[in-house]
Amino acid sequence: MQAARLTVRDVRARPVNVPVDPPLETASGTIGTAPFVLIDVLTEEGVTGLGYVFCYTTTALHPTARLAANLADLLRGEPAIPAVVEGQLQRHFRLLGPQGLTGMAAAGVNMALWDALAKACRVPLATLLGAAPRPVPAYASLRAMNPERVAAEAEAALGAGFIAMKLKVGSGDLAADLAAIRAVRRVAGDRTALMVDYNQCLTVPEAIRRAAALDGEGLAWIEEPVQGDDDAGHAAVAREARTPIQIGENWWGPRDTARSLAAGASDCVMVDVAKIGGVGAWLRAAALAEAAGRPVSSHIFPHVSVHLLAAAPARHWLEYLDLEAPLLARPLALERGHALVPSRPGIGLEWNDEAVKRFLAD
């Protein structure tokens, strides 16, 4: 425990923009580059914790990096205790609110603090959270929407050992959705779990209409068919659909989780570690979901999420969409459709310094 007593010396944030090849196609547009903010929390004891957040658009990249770096003046000299810092930042931003870029910057610092604490304790984060480093079921998050291209991706995912996969739909009409789904199913077969993601693009009546048509496709879930914060709308779709409805990646904190669960907005939940507020908030949201009888999956951030899901009794699936891979010295290990918890102390992140310099967004 003596080794785990850390003091914040500095917070550094670097904006990077990584090419996405092939591009990630969604109903809301195509993502050709992945803007990340890499966050390092340096301590007086020489332990550095690493965290990162995904900004979705380059418009938000530099503001998020500046927000994270600005936290250095607030935290310098303070104990590097994740729960204490989380409470401190909640009080600091109470009048502004915990959502949006400010919340994401704070979440990235929170991840780095947990990484530093686990490193100081010389254990993987999952172990620090009280979990055994067990393999976590993972699905391949496919990038293409065109039937031929997404079928080729599905074939590659099967070759890599995945037993589940998700494809994006909603850029066209229902016929286009069905064409893509059936193209993947022909390749993957009936024994592969298959999910679809609408990325919030439908109205409630249209979502109900399409869900009725998709009920015969044997899908594991339909993800975010309507606006992410429309709990009443999602509840209406969930009441009509036989296929499970999946939401949660756009919850801004566990209170959003509680409201959504109370509304009956989904049959299963997917928590984003950056938007929810960091490691502790992710675990609180997962506990709320477990109490409500909802299985818990992760949204992106596979390197952090594998530790969180290992510690979640109601764990379901890890989303494997490794957009940050070029920035890392070591990939997340996969084996027979499962993600493996790194045995290294902390989260297991290590920046590829050459790549970080190459993709730095000045």
Side-chain angles (χ1 to χ4, degrees), residues 1-14 36-54 68 71-72 75-76 78-86 106-136 138 273-274 276-283 286 298 300-313 315 318 320 322 324-335 338-356:
M1 291 301 298
Q2 186 71 28
R5 294 178 183 174
L6 305 175
T7 304
V8 176
R9 180 165 65 87
D10 201 3
V11 177
R12 297 177 183 172
R14 290 174 289 178
F36 288 99
V37 175
L38 309 184
I39 299 171
D40 299 346
V41 173
L42 289 72
T43 68
E44 296 289 356
E45 294 73 17
V47 178
T48 298
L50 308 184
Y52 64 104
V53 294
F54 177 48
L71 295 177
L75 300 179
R76 194 174 286 115
E78 296 292 329
I81 302 173
V84 172
V85 172
E86 181 182 355
V109 169
N110 179 271
M111 290 181 223
L113 288 168
W114 278 101
D115 182 50
L117 181 58
K119 285 175 176 174
C121 293
R122 300 179 182 177
V123 296
L125 176 60
T127 302
L128 185 66
L129 298 176
R134 54 187 175 175
V136 174
V273 66
I276 205 69
V279 171
W282 194 101
L283 294 171
S298 64
I300 59 176
F301 297 98
H303 299 266
V304 184
S305 297
V306 68
H307 294 272
L308 302 178
L309 285 167
R315 83 180 191 277
L318 177 139
Y320 187 76
D322 203 5
E324 60 269 45
L327 299 169
L328 301 175
R330 306 185 193 187
L332 181 65
L334 299 168
E335 186 176 281
H338 290 70
L340 305 183
V341 175
S343 59
R344 302 182 296 282
I347 293 171
L349 297 173
E350 182 182 345
W351 305 136
N352 179 336
D353 292 332
E354 182 180 336
V356 171

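Numbering starts at 1 and runs along the sequence shown. None of these values were measured; they are calculated from a predicted model.
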Can you tell me how far [atom2] of [Y] sits from [atom1] of [X], rounded to the nearest 0.5 angstrom?
{"X": "D115", "Y": "I39", "atom1": "CG", "atom2": "CD1", "answer": "12.0 Å"}
{"X": "I276", "Y": "L308", "atom1": "CD1", "atom2": "CG", "answer": "11.5 Å"}
{"X": "Y52", "Y": "M111", "atom1": "OH", "atom2": "CE", "answer": "7.0 Å"}
{"X": "I300", "Y": "F54", "atom1": "CD1", "atom2": "CZ", "answer": "5.5 Å"}
{"X": "R76", "Y": "L71", "atom1": "CZ", "atom2": "CG", "answer": "11.0 Å"}
{"X": "L6", "Y": "T43", "atom1": "CG", "atom2": "OG1", "answer": "5.0 Å"}

Criterion side chain to side chain contact (heavy atoms under 4.5 Å, CB included) on H303 and D322, from CA distance to verdict: CA-CA 8 Å; H303 299 266; D322 203 5; 3.0 Å; yes
Using a 4.5 Å cut-off on heavy atoms from C-beta on, say whether the side chain of [Y] contacts that of [X].
{"X": "C121", "Y": "L128", "result": "yes"}
{"X": "L327", "Y": "N352", "result": "no"}
{"X": "L328", "Y": "L349", "result": "yes"}
{"X": "V84", "Y": "P79", "result": "no"}
{"X": "V341", "Y": "R134", "result": "no"}
{"X": "V85", "Y": "N110", "result": "no"}
{"X": "E45", "Y": "R9", "result": "no"}
{"X": "L117", "Y": "P82", "result": "yes"}

Pair D10-V8, side chain to side chain contact (heavy atoms under 4.5 Å, CB included): steps then yes or no: CA-CA 6 Å; D10 201 3; V8 176; over 6 Å; no
Closest approach of [X] and [Y], non-hydrogen atoms and distance?
{"X": "P302", "Y": "E324", "result": "CD-OE2, 3.3 Å"}
{"X": "P342", "Y": "V306", "result": "CD-CG1, 4.1 Å"}
{"X": "A13", "Y": "A68", "result": "CB-CB, 3.9 Å"}
{"X": "A107", "Y": "G277", "result": "CB-C, 3.6 Å"}
{"X": "H338", "Y": "P135", "result": "CB-CB, 3.8 Å"}
{"X": "S343", "Y": "P124", "result": "O-CG, 3.6 Å"}

Worked check of side chain to side chain contact (heavy atoms under 4.5 Å, CB included) between V41 and V109: CA-CA 7 Å; V41 173; V109 169; 4.2 Å; yes
W114 vs H307, side chain to side chain contact (heavy atoms under 4.5 Å, CB included): CA-CA, chis, key distance, verdict: CA-CA 11 Å; W114 278 101; H307 294 272; over 6 Å; no
Sidechain-backbone polar pair: S305 side chain, F301 backbone, donor-acceptor under 3.5 Å: yes
Expected output: side-chain K119 to main-chain G49 donor-acceptor under 3.5 Å: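 Not a single qualifying donor-acceptor pair exists.
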